[in-house]
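In what follows, a single structure is set out as structure tokens and then discussed.
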Amino acid sequence: MKQTGRLETFSDGVFAIAATLLILDIRLPENGASLTHELLRLWPSYGAYAISFVTIGIMWINHHTIFEQIDRINRTFLVINVFFLMVIAFLPFPTHVLAASLQGADAQAAAFFYGLTNIAMAVTFSSLWFYAAHGRRLIAPYADSRMVSGISRAFLPGIPFYTVATLSALLSAWLAVALYASLALFYILESSLFARSDF
């Protein structure tokens, strides 16, 4: 019997709460302007929300998929997962900072801060998988070796990609946001690889 049930349930709860918190920061300002004007003025919030929600969603899908390859856990794995979930739960804050600052003088700092959070997410998620997969430490006996190898390869570009996107914020906040959005779209397509075993 798999030992991961409680961990998966707890993780799903954190993902759900983090995704829900993203929308709570989108509020109409109370300054008496027309509704249409205020709704249009919130477009940075819509964009930041969409990027972060898709990112969390893809992380949740891939988290679920890697747990299909794992049938046991240990304390070290639990600790790594806690740090990964800590970053997931933190993501609504840099999302709010990015949305609030994107049209101001602090846009680059906000985009850089958002990127650092994504790097932390990529590092902790990669650490979670590679700890489990190294020497098939926590991998189930029935897990297909091609699937395991394919997932490992799919993780490799994450940290470099997010690092490049984050550093681009030093040049332009808009460039960084475009790269963050592109990475979210890339991982929507790339996540289909997790469902394949013919790598």
Output the distance between atom [atom1] ([X]) and atom [atom2] ([Y]), rounded to the nearest 0.5 Å.
X: Thr95; Y: Tyr49; atom1: OG1; atom2: OH; value: 11.0 Å
X: Asn81; Y: Leu7; atom1: CG; atom2: CG; value: 4.5 Å
X: His134; Y: Ile139; atom1: NE2; atom2: CD1; value: 12.0 Å
X: Ser52; Y: Leu21; atom1: OG; atom2: CG; value: 12.0 Å
X: Ile51; Y: Leu98; atom1: CD1; atom2: CG; value: 7.0 Å
X: Asp144; Y: Ser149; atom1: CG; atom2: OG; value: 8.5 Å

Are the aromatic rings of Tyr162 and Tyr180 close, with centres under 6.0 Å apart?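 No, ring centres 6.0 Å or more apart.
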
Centroid-centroid under 6.0 Å between Phe130 and Phe77 rings: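 Not under 6.0 Å, so no.
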
May I ask whether [X] and [Y] are part of the same hydrophobic cluster, defined by side-chain heavy atoms of I, L, V, M, F, W, Y residues being less than 4.5 angstrom apart, directly or through others?
X: Val54; Y: Leu24; result: yes
X: Ile70; Y: Val82; result: no
X: Leu183; Y: Trp174; result: yes
X: Leu78; Y: Trp129; result: yes
X: Val79; Y: Leu85; result: no

So which atom in [X] and which in [Y] form the shortest heavy-atom distance, rounded to 0.1 Å?
X: Gln108; Y: Ala169; answer: NE2-O, 3.1 Å
X: Pro94; Y: Thr117; answer: CG-OG1, 3.4 Å
X: Leu102; Y: Ala107; answer: O-CB, 3.4 Å
X: Ala154; Y: Pro157; answer: O-CD, 3.3 Å
X: Ala176; Y: Ala165; answer: CB-O, 3.6 Å

Kindly say whether [Y] contributes a backbone atom to a donor-acceptor pair with the side chain of [X] at under 3.5 angstrom?
X: Arg6; Y: Phe10; answer: no
X: Arg72; Y: Arg137; answer: yes
X: Ser126; Y: Val123; answer: no
X: Ser101; Y: Gly104; answer: no

From the options Ile88, Ile66, Ile80, select the one residue that forms a side chain to side chain contact (heavy atoms under 4.5 Å, CB included) with Phe125.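 Of the listed options, the one satisfying the test is Ile66.
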
Tyr46 atom OH, over 12 foreign heavy atoms within 6.0 Å: yes

Would the number of heavy atoms belonging to other residues, nucleotides or ligands and lying under 6.0 Å from CZ of Phe53 be above 12? no

Are [X] and [Y] close enough that some pair of their side-chain heavy atoms sits under 4.5 Å apart?
X: Leu128; Y: Phe83; result: no
X: Thr4; Y: Asp71; result: no
X: Met59; Y: Tyr187; result: no
X: Ile56; Y: Leu22; result: yes
X: Pro141; Y: Arg136; result: no
X: Met86; Y: Val14; result: no

Worked check of side chain to side chain contact (heavy atoms under 4.5 Å, CB included) between Asp12 and His64: CA-CA 9 Å; Asp12 286 348; His64 171 73; 5.9 Å; no

Full working for side chain to side chain donor-acceptor pair (under 3.5 Å) between Tyr131 and Asn74: CA-CA 11 Å; Tyr131 177 80; Asn74 60 24; 2.8 Å; yes

Test side chain to side chain contact (heavy atoms under 4.5 Å, CB included) on Tyr114 and Thr166 and set out the steps. CA-CA 8 Å; Tyr114 184 87; Thr166 300; over 6 Å; no

Worked check of ring pair (Phe, Tyr, Trp, His ring centres under 6.0 Å) between Phe93 and Phe90: CA-CA 6 Å; Phe93 176 61; Phe90 183 73; 5.7 Å; yes

Apply side chain to side chain contact (heavy atoms under 4.5 Å, CB included) to residues Glu68 and Tyr142 and explain how you reach the verdict. CA-CA 10 Å; Glu68 292 179 340; Tyr142 55 78; over 6 Å; no

